[in-house]
Amino acid sequence: MLLNLTEEQIAQLAPDAASVKAGKGLASRAKWLLLEYSDRAIWGHCQGSGQTPYQTVVDIKDIAFRCSCPSRKFPCKHALGLLYMYASYSESFKQAEEPDWVETWLSKRKEKEEKKERKEKKTAAPIDEAAQAKRQAVRHQKVLGGIEDLQIWMKDLLRNGLLNVPERACTLFEAISRRMVDAQASGLAGRLRGLQELNYYSEDWKFKLTDKLSKIYLLAESYKHLDNLPADWQFEIRTQIGYPQSKEEVMAGEPVEDQWMVLHTRSNKVNDLRTDVFWLYGKASRRMAVYVYFMVPGTLPEFTILSGGTYQGPLYFYKGVAALRALPKELQRSDEKFQPSCCPDLETATQYYRTIVRTNPFVEEVPLLVDNVRLVTAGNAQYLQDAEGRVIPVHVDENIRIDILATTGGKPFAAFLLADVTFWELKTIWYQSEYYFWKDERN
């Protein structure tokens, strides 16, 4: 069979913690009157409180769910229970021909996917290049106007001094952020809102603030001289400012076909909009990639991608300088597992980080892989230490720190981190070739 999910990966699919608990409660042979599988799906009959058992099925090639229960949660506890059953008791499943209700559901899913592909292949309406150029010219002038106001605001801020910024941070950046939105420079607006979220109780807030302010000013100044920049930097600056690259434009480029491992997943929810960020690593290309997916209530992700999972298929990278962001196409889950190639020590990892930020100073988080490190504590601070005794400050939540020490016993491990100018953030580890991750959710 093609499905090989761990309990942690199944938990990622659940809508909430209560569903995880309920799903695990159904992972008992006594709860299921029927457990069967084919090369496309697993299905079963789960006995509920009523006389008729619930019919539950999971598409194992492109993970999706269906259940006859009335639950409004997706996936429901029965679908999760079926996955937990297979993860723990796969021998209880009998290979069989797909019953009508399973075959009908899978066929409808296939028809829907084929219809979507045909729709995407239809010739798009001809682009009115003159109208498009006019719109771009109007937006360009709006952005320039916004940048002029931004630079005046920044100069006033510096003239008045930065020492009183912490006490005003809650409101200081609101008006200028809205001005950037009006100027259609959403990238600048996002960076300004990020200044509000700095930890002004930390000792290094002045360094962080001046670093981010200088990058905002450099970005604004670069846009004013856009025509004098190389093509790749024009794409980079425009993207950083807030100009979108369309899906069609991105996928017109040359794809990178590889087997991609999901190193880490971050989920961020603001109001009803959920943003999932996936950091990927290519086995053959040794290339890092970032896939960002936006989801509103009532919609499902285009691809079901799980931390620690491996997927075969092409990625199309955005245009820009040392671009990491990419779009997947037709990713297929693979059962093959591998550990990514890592920097052998902290010195090599630091050199790699410096190379990336020298290449593109606007990068906010640099993904790093480093091997043979251990977690050490000095006072209230946490550090990574390599075999040569080098250390670097690292941020790790207390519960994660305890889990890492319990798992490794203080012995060396390989790690995936996100690095910025002040510290590295520890996200996932490999210990004795086993992958360990922790949920990263922000609201």
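Residue numbers count from 1 along this sequence.
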Between [Y] and [X], does any NZ, NE, NH1 or NH2 come within less than 4.0 Å of an OD or OE carboxylate oxygen?
X      : Y      : result
Asp258 : Arg287 : no
Glu398 : Arg401 : yes
Glu365 : Arg266 : yes
Glu364 : Lys212 : yes

With ring-ring contact (aromatic ring centres under 6.0 Å, His included) as the rule and sequence neighbours excluded, what pairs involving residues 306-329 come up?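 Residue pairs with at least one partner in residues 306-329: there are none.
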What pairs meet the ring-ring contact (aromatic ring centres under 6.0 Å, His included) rule with one or both residues in residues 321-352, with sequence neighbours excluded?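 Output for this query is empty, none listed.
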Is the shortest side-chain heavy-atom distance between [X] and [Y] below 4.5 Å?
X      : Y      : answer
Leu82  : Leu35  : yes
Tyr436 : Ile400 : no
Met85  : Arg29  : yes
Leu34  : Trp43  : yes
Val370 : Thr348 : no

Could you pull out all donor-acceptor pairs under 3.5 Å where a side-chain atom in residues 375-390 meets a protein atom, sequence neighbours excluded?
unit_1: Thr377; atom_1: OG1; unit_2: Gln382; atom_2: OE1; d: 2.9
unit_1: Asp386; atom_1: OD1; unit_2: Glu388; atom_2: N; d: 3.1
unit_1: Asp386; atom_1: OD1; unit_2: Gly389; atom_2: N; d: 3.1
unit_1: Asp386; atom_1: OD1; unit_2: Arg390; atom_2: N; d: 2.9
unit_1: Asp386; atom_1: OD2; unit_2: Leu346; atom_2: N; d: 3.1
unit_1: Asp386; atom_1: OD2; unit_2: Arg390; atom_2: NH1; d: 3.1
unit_1: Arg390; atom_1: NH2; unit_2: Glu347; atom_2: OE1; d: 2.9

Say whether, by atom type as modelled, one donor and one acceptor occur between the side chain of Ser90 and the main chain of Ala87 under 3.5 angstrom.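 Answer holds: no.
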Working for side-chain contact (heavy atoms from CB on, under 4.5 Å), residues Thr265 and Ile305: CA-CA 9 Å; Thr265 304; Ile305 302 178; 5.8 Å; no
Under 6.0 Å between the ring centres of Tyr86 and Phe93?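 Centroid separation for Tyr86 and Phe93: below 6.0 Å.
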Under the ring pair (Phe, Tyr, Trp, His ring centres under 6.0 Å) test, residues paired with Phe437 that sit two or more places apart: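 Phe437 satisfies ring pair (Phe, Tyr, Trp, His ring centres under 6.0 Å) with Tyr435 once adjacent residues are dropped.
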Without placing hydrogens or testing angles, list every side-chain donor-acceptor pair under 3.5 Å for residues 169-188, not counting sequence neighbours.
unit_1: Ser177; atom_1: OG; unit_2: Phe173; atom_2: O; d: 2.6
unit_1: Arg179; atom_1: NE; unit_2: Asp149; atom_2: OD2; d: 2.8
unit_1: Arg179; atom_1: NH2; unit_2: Asp149; atom_2: OD2; d: 3.1

Pairing residues for Arg374 by the side chain to side chain donor-acceptor pair (under 3.5 Å) criterion, not counting sequence neighbours: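 For Arg374, no residue satisfies side chain to side chain donor-acceptor pair (under 3.5 Å) once neighbours in sequence are set aside.
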